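Here's the structure, in structure tokens; my notes come after.
Every chain is numbered from 1, with letters handed out A, B, ... down the list of sequences. All figures in this text were calculated on a predicted structure; none of them were measured in a lab. Side chains included, hydrogens not; waters and symmetry mates left out as well; all remaining heavy atoms used.
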Amino acid sequence: MDFNELEKVRVQKIQKLKELGIPAYPTRSYISSTIKEACEAFEKVEATGSDQPIEVTIAGRMRSLRIMGKLAFTHIEDGTGRIQLFLRVNELGDQLQFFKDYFDIGDFVEAHGTVIRTRSGEISLQTTSIRMLAKAISPLPAAKEEVVDGVTVKHTGLSDPEIRYRQRYADLVVNPEVRNIFRTRSKIVSALREFLDSHDFLEVETPVLQPIYGGAAARPFITHHNQLHQDLYLRISFELYLKRLLVGGLDRVYEIGRDFRNEGVSYKHNPEFTQLEFYCAYFDYLKVMDFTEQMIRYAAEKALGTTKLKYGDVEFDLAKPWNRVNMREGILEKTGIDFEKYPTTESLAAAMNEKGIQTKPGLQRGKLINQLVSDFLEPTFLQPTFLYDYPWEVSPLAKRKPENPLITERFEGFIAGMELCNAFTELNDPIDQEARFLEMGRTYAEDDEERNPIDEDYLRAMRYGMPPCGGFGMGIDRLTMLLTNQSTIREVILFPHLRERDKDQEDN
RNA sequence: GGGCGUAUAGCUCAAUGGUAGAGCAGUGGCCUUUUAAGCCAUUUGUUCUGGGUUCGAGCCCCAGUACGCUCACCA
């Protein structure tokens, strides 16, 4: 291991401790309470006016240090909170010098003593003995912090995003607001599970490694099983497996897990992302819409304690019903184009060009409509909005509307202009499904990597009969972005994908 | 993949083409209720990498790498 000058000093301290027979990394600690428990116990006794001493052993990481001769102050922090240690030669004797010689900011320590209030009113541990629990060699990036009116103020911090993401451990130590994002994310996921469980959904797990990928339009990652001599794909969605379960009689299923899409990285795309999909027999997309409103509202209430939220400049209230916009009407209103009047790629492209809208050659009709949606509708969906009734060409797994076979019962949900979820009344007609798969094979160019191979086993499952059902998919990362007001997906993923660095540069 | 921007001490940042600096952290000293403690002293550099121009490059030029913003593609 290479050490810089600061680290060498600490490594020397470890060696000296070893010579003294004192472990820098002892095996066990013997705490009697967490920091939060110690503070609460003291406040409880204090409130009764009693001076009964609260004697505790606590542990945590040293986050600040002020040495003043025969007296020293240090704040230690564990997962529950932070407390000041009041270290005085009166109680510690020789141990104070030992502390000054060997303990640094960043070390994990265990302290025994009595909880008191110092003259300036801060709850502190009047420490009678202190022990090293784990020595830190590398200095923490944030050197100093103070708490002003209950708010932690950093005087230097870790802000370089590259270091923050590559060394998330350091980011988490010094930036408490980052820890809070991930606590909130965890609460969101728990709340979604609670909500679905309470509606009699069964949580299931389906294969990540798949011989045939499908259920979404995306390029897959390819991997290989050595012993079976078989190429496998990392799943791009759960859809085709979850619907097999409805054939099998599991009427309400959901899965929360990872999808992998081999595509561009952006502020709202990570190559692997967490998806929630559920399928519910005897639901249609209108029931799913209502259910979605309830579910997201529930998640916000449970995770944040409120439904009134702000994302950037956009304020929205998840307690209110979402706007509902019919796609054909929405596009007509914004562009003057009624796409139903242009049933072919050529006629629609011509109509768009006439309105001054550039179209890329080679795009099929469905993708042209998608372009109209993303250019003219999505940016206007700042308030929670369901856009519904998608053309059949871009919805190969959604059921056609009984009154209009060119339109499917599908919706997507948007907040703050960002797509959040996608749902439909599921296609359960195996003959139409096969025709749609074959049609997809025709409409996609030979070299279009979003072209999915036909999943014959899925068709076989449909032939046994699947109950009419509603299906739903939502990016958990994006929901977390919206609920925690983060402008990039990397802030809500603990270890976001970053490009590999050269060995040479990594060493620097 | 395209465009624009950034890269300097452990961290946050300065530095007209002319000796590479500050604050914090570190180290030594003073200091028994501090809390960005204070005071005195002091150390730390592949200026992202590789070329080039120049008497001389952190700075100018070329190429590369990573990150950020943005466009394209997608969820």
When we call it a touch if two heavy atoms are under 4.0 Å apart, what does [X] touch: a base, just sugar-phosphate, or nothing?
X        : result
A/Leu420 : nothing
A/Arg261 : base
A/Gln275 : nothing
A/Asn270 : base
A/Arg490 : sugar-phosphate
A/Phe273 : base
A/Lys8   : nothing
A/Ser159 : sugar-phosphate

Legend entry - Closest contact, heavy atoms only, A/Pro379 versus A/Ser374: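 Smallest heavy-atom distance, with atoms named: CD-O, 3.3 Å.
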Rounding to a whole Å, what distance do you find between [X]:[atom1] and [N]:[atom2]?
X        : N      : atom1 : atom2 : result
A/Arg166 : B/rU65 : CZ    : P     : 14 Å
A/Ile116 : B/rU33 : CD1   : P     : 12 Å
A/Ile137 : B/rG26 : CD1   : P     : 16 Å
A/Gln167 : B/rC11 : CD    : C1'   : 12 Å

Inset, instruction - Using the salt bridge (charged side-chain N to carboxylate O under 4.0 Å, His left out) rule, collect all pairs that involve residues 488-498 of chain A, keeping only residues at least two apart or in two chains. - result: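 Salt bridge (charged side-chain N to carboxylate O under 4.0 Å, His left out) check on residues 488-498 of chain A returns A/Arg164-A/Glu491.
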Nucleotide forming a Watson-Crick or wobble pair with [N], both distances under 3.5 Å:
N      : result
B/rU8  : none
B/rC73 : none
B/rC31 : none
B/rG45 : none
B/rG56 : none

Inset, instruction - Would you please indicate yes or no on a ring centroid separation below 6.0 angstrom for A/Phe103 and A/Phe98? - result: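 Yes; A/Phe103 has its ring centre under 6.0 Å from that of A/Phe98.
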Legend entry - Close approaches to RNA chain B from residues 84-91 of chain A, in residue order (heavy atom, under 4.0 Å):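 Under 4.0 Å from RNA chain B: A/Gln84, A/Phe86, A/Arg88, A/Val89, A/Asn90.
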Legend entry - Under-4.0 Å side-chain N/O to phosphate OP1/OP2 contact, A/Arg478 with B/rA75: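 No, outside the criterion.
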Inset, instruction - Keeping the roles fixed (side chain from A/Asn270, backbone from A/His497), state whether a donor-acceptor pair exists under 3.5 Å. - result: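 Flag set: sc A/Asn270 to bb A/His497 pair under 3.5 Å.
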Inset, instruction - May I ask you to decide if A/Thr206's main-chain N or O and A/Glu255's side chain share a donor-acceptor pair within less than 3.5 Å? - result: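 Judged by distance alone, yes, a pair lies under 3.5 Å.
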Legend entry - Nearest-neighbour nucleotide for the A/Pro139 side chain, B/rG10, B/rU27, B/rU12 considered: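 Nucleotide nearest to A/Pro139's side chain: B/rG10.
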Inset, instruction - Mark yes or no for a side-chain to base donor-acceptor pair under 3.5 Å between A/Arg119 and B/rU33, with no hydrogen or angle criteria applied. - result: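 Absent.
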Inset, instruction - Could you check whether the rings of A/Phe195 and A/Tyr298 sit parallel, tilted or perpendicular, using 30° and 60° as the cut-offs? - result: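 A/Phe195 and A/Tyr298: tilted rings.
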